[in-house]
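Scroll down for the structure; my scribbles are underneath it.
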Amino acid sequence: MGEGVLTDAYARRDGALYCEGVPAEEIAREAGTPAFVYSASVIRDRYLKLTGALGGVPHRVHYSLKANSNRAVLKLLRQMGAGVDVVSGGELFRALRAGFSGRDIIFGGVGKTERELREALQADVKLINVESEAELRLLSHIATELGVTAPVGFRINPEVAVANAHAFIATGSKGHKFGIPFGDAIGAVRTALKLPNIRILGLDMHVGSQLSTFDPYRAGLARMAELASEMVAMGTTLKFVDIGGGLPVSYGEGASDPDLDNYATLITPAIKALGAELLVEPGRFFTAASGVLLTRVLYRKQSGGKTYVIVDTGMTELLRPSHYSAYHLIEAVKPNGARLVADVVGPVCETGDFLALDREMDDVAPGDLVVIHTTGAYGYVMSSNYNARPKAAEVVVDGDRYAVVTARESYEDLVRLEQDNPTWRTA
Ligand SMILES: *Cc1c(COP(=O)(O)O)cnc(C)c1O
């Protein structure tokens, strides 16, 4: 894992934090707080670095939309040449709305509904990664009904050891809910060969997120190669080998950004040997470091010998600290030079509503603008309206220009779907 290979769009000028060419203060004044801000250049830069590193083999990058699915970010990646990886009908809808066409889209997910499978076939997606024999049978049935052929990849569980920052983001070890258990994979292929309107195109794995080493890719690819040779012996040809996402990012706690050359060196020979096109599905890697969450300090409080910094954002906008014990670097936009140790907490009525515990950080006072770093992935997309909190605004910065790309929700938005006069039926 290398250091300093990727650009950082957030730097200080005259002591104040900028995103690319725009002062954070100005964005907060215009968009209000809390607001997510994403740097376009970080996303573009990472896309170019990854496709550059993988240049030795035929490949396509399918951005995992679940990390950050706003239309501006999707359009930016589409313009770079990326495809997408979607895991629900809603994500498929978002992808199509952002201008992706079926051939740009991989559809995955452990619990696809009949409706979602139908929508994927109707959108003529490039690949549907199936996770069980039951799903395969349902897909064959729907494809036959629609008179189309379903493009199938087998998401297998390679059952490899995965070391992640948190157990909730490991997905490719024995006993996880994801994928077809390794020992059942050939049986599923045999079933697929007998089913009508199924075209076998590939193998897929996604071993986990925020991988701290690349060993799971190596081990997973070796297991995929075992299956591939059996599949070829059974008369199938593999067009795609999809190795999922999982590229880690540095959250500023000592972990570093991935060394893409190492990643490519490890993967390339295996892909060449398989003679297939490589598909990769990174999410976090593209957007996490592009984003910050801007928030204002509301209060400072002492309680039980502890200092609390109470800000206007919390678990409703950024769930990662309480859900994954995740670390996010927190800084004052204009530091005064002093430091403090505090719990940084939000306004939500939950003890789990924190952004940092016992954190040594810039001294801040009510009214100060604070930035929570590396929040461009699994931030806004995991946000909720708990405590009837309207969702935050999203802003994209590109050079010295910026735009609010998702407006802040209003109170009216919170109740829009409630029925004024519900229709009561009698059973
Ligand atoms: C979540 C997910 C990804 C993206 O993971 P990152 O860690 O954000 O790169 C890719 N593929 C699948 C199938 C996923 O579920």
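Counting starts at 1 for both ligands and their atoms, following the listed order.
The nearest protein atom to atom 14 (C) of ligand 1, hydrogens excluded, is given as K66 NZ, 2.8 Å; this is a heavy-atom distance.
Close approach to G245 involves these atoms of ligand 1, each under 4.0 Å from a residue heavy atom: 9 (O), 10 (C), 11 (N). Shown in contact with P282 at under 4.0 Å from a heavy atom are these atoms of ligand 1, numbered in order with element: 9 (O).
Residue G283 places at least one N or O, backbone or side chain, under 3.5 Å from an N or O of ligand 1. Where the criterion is an N or O separation shorter than 3.5 Å, residue side chain and backbone included, G246 meets it with respect to ligand 1. Polar contact with ligand 1: absent for S64 (N/O pair, distance under 3.5 Å). For ligand 1, one of its N or O atoms has an N or O atom of Y378 under 3.5 Å away.
Residue nearest to atom 6 (P) of ligand 1, selected from G108, P248, G109, S209: S209 (by heavy-atom distance). Of the listed residues (H206, M205, R284, R155), the one carrying the non-hydrogen atom nearest atom 5 (O) of ligand 1 is H206.
Salt bridge annotation for E277-R60: absent, with no cationic side-chain nitrogen under 4.0 angstrom from a carboxylate oxygen. The existence of a salt bridge linking E145 and R118 is confirmed by a sub-4.0 Å separation between a basic side-chain nitrogen and an acidic carboxylate oxygen. The pair D398-R44 meets the salt-bridge criterion, since a charged nitrogen lies less than 4.0 angstrom from a carboxylate oxygen.
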For residues 75-82, which side-chain donor-acceptor pairs fall under 3.5 Å, sequence neighbours excluded?
unit_1: R78; atom_1: NE; unit_2: A98; atom_2: O; d: 2.7
unit_1: R78; atom_1: NH2; unit_2: A98; atom_2: O; d: 3.4

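Remark: R199 CZ is loosely packed, at most 12 non-hydrogen atoms of other residues, nucleotides or ligands lying under 6.0 Å away.
Judged as a salt bridge (Lys or Arg N to Asp or Glu O under 4.0 Å), the pairs with a partner in residues 126-144 (not counting sequence neighbours) are, in order, K112-E135, E131-R155, E133-R137.
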